[in-house]
Amino acid sequence: MITYIKGINQSLILTSNKVDIQKTRLDWWNNKRFKFNKGLAIAALSSILISILEFYFFDYSLESFKEDTSFFLIALVVYSAVLNLTLIIAELTDRIINKDNNGKIKSRLFNWFYWISSVLPFLYPVFIVVVYFC
């Protein structure tokens, strides 16, 4: 079905189905944003707690702990902003790859971005262990 939009030159033609698909697609990604941010927050807090335990276990100095933790917290803020941009990239990738608005492809794409972004904060505690033993 084709919908004509009357304007000054009456040359704009939109298909109503395509507009509906784009709206529902954007709504789907916006509804997933809370789950994505919640997962990021849980991963970040868990990573901070593991880092604190590592500093205690490996007997680092307090000054080193303060410097590293403040750097890590700043890095997490930047990390969260960048990963929210990757969620936008995931939505754009969905538009390009998923022409039929297939829910299965959309869920797989979201899960892939979600789990990759949830694992990334744990690279910092791994880095602490590697530096300690090397």
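Every side chain to side chain contact (heavy atoms under 4.5 Å, CB included) that A44 has, sequence neighbours left out, goes to L76. Scored by the ring-ring contact (aromatic ring centres under 6.0 Å, His included) test, F133 finds F58 as partners (sequence neighbours excluded). Judged as a ring-ring contact (aromatic ring centres under 6.0 Å, His included), and not counting sequence neighbours, the contacts of Y114 are F110. Partners of N37 under the side chain to side chain contact (heavy atoms under 4.5 Å, CB included) rule, at least two apart in sequence or in another chain, are R33, L40, N84. With sequence neighbours left out, F122 forms a side chain to side chain contact (heavy atoms under 4.5 Å, CB included) with A43, S46, S47, I50. With sequence neighbours excluded, no residue forms a side chain to side chain contact (heavy atoms under 4.5 Å, CB included) with L49. Listed by chain and number, the residues in a side chain to side chain donor-acceptor pair (under 3.5 Å) with N98 are D94 (sequence neighbours excluded).
Hydrophobic side-chain contacts under 4.5 Å tie V77 to no other Ile, Leu, Val, Met, Phe, Trp or Tyr residue. I88 forms part of a hydrophobic cluster together with L85, L92, judged by ILVMFWY side-chain heavy-atom separations under 4.5 Å. Hydrophobic side-chain contacts under 4.5 Å tie F34 to no other Ile, Leu, Val, Met, Phe, Trp or Tyr residue. Under the 4.5 angstrom side-chain criterion for Ile, Leu, Val, Met, Phe, Trp and Tyr, V119 has no cluster partners at all.
Residues F36 and I42 do not share a hydrophobic cluster, clusters being chains of Ile/Leu/Val/Met/Phe/Trp/Tyr side chains in contact below 4.5 Å. If you chain together hydrophobic residues whose side chains sit under 4.5 Å apart, W112 and L120 fall into the same group. Residues W115 and W29 share a hydrophobic cluster, clusters being chains of Ile/Leu/Val/Met/Phe/Trp/Tyr side chains in contact below 4.5 Å.
A donor-acceptor contact shorter than 3.5 Å links the side chain of N102 to the backbone of K104.
Interatomic distance, CD of E54 versus OH of Y124, reported as 9.0 Å (0.5 Å rounding). Taking CD of E91 as the reference point, atom NZ of K32 lies at 14.5 Å (rounded to 0.5 Å). Between L109 atom CG and L87 atom CG the span is 9.5 Å, to the nearest 0.5 Å. Taking CZ from F113 and OG from S118, the interatomic distance works out to 13.0 Å, rounded to the nearest 0.5 Å.
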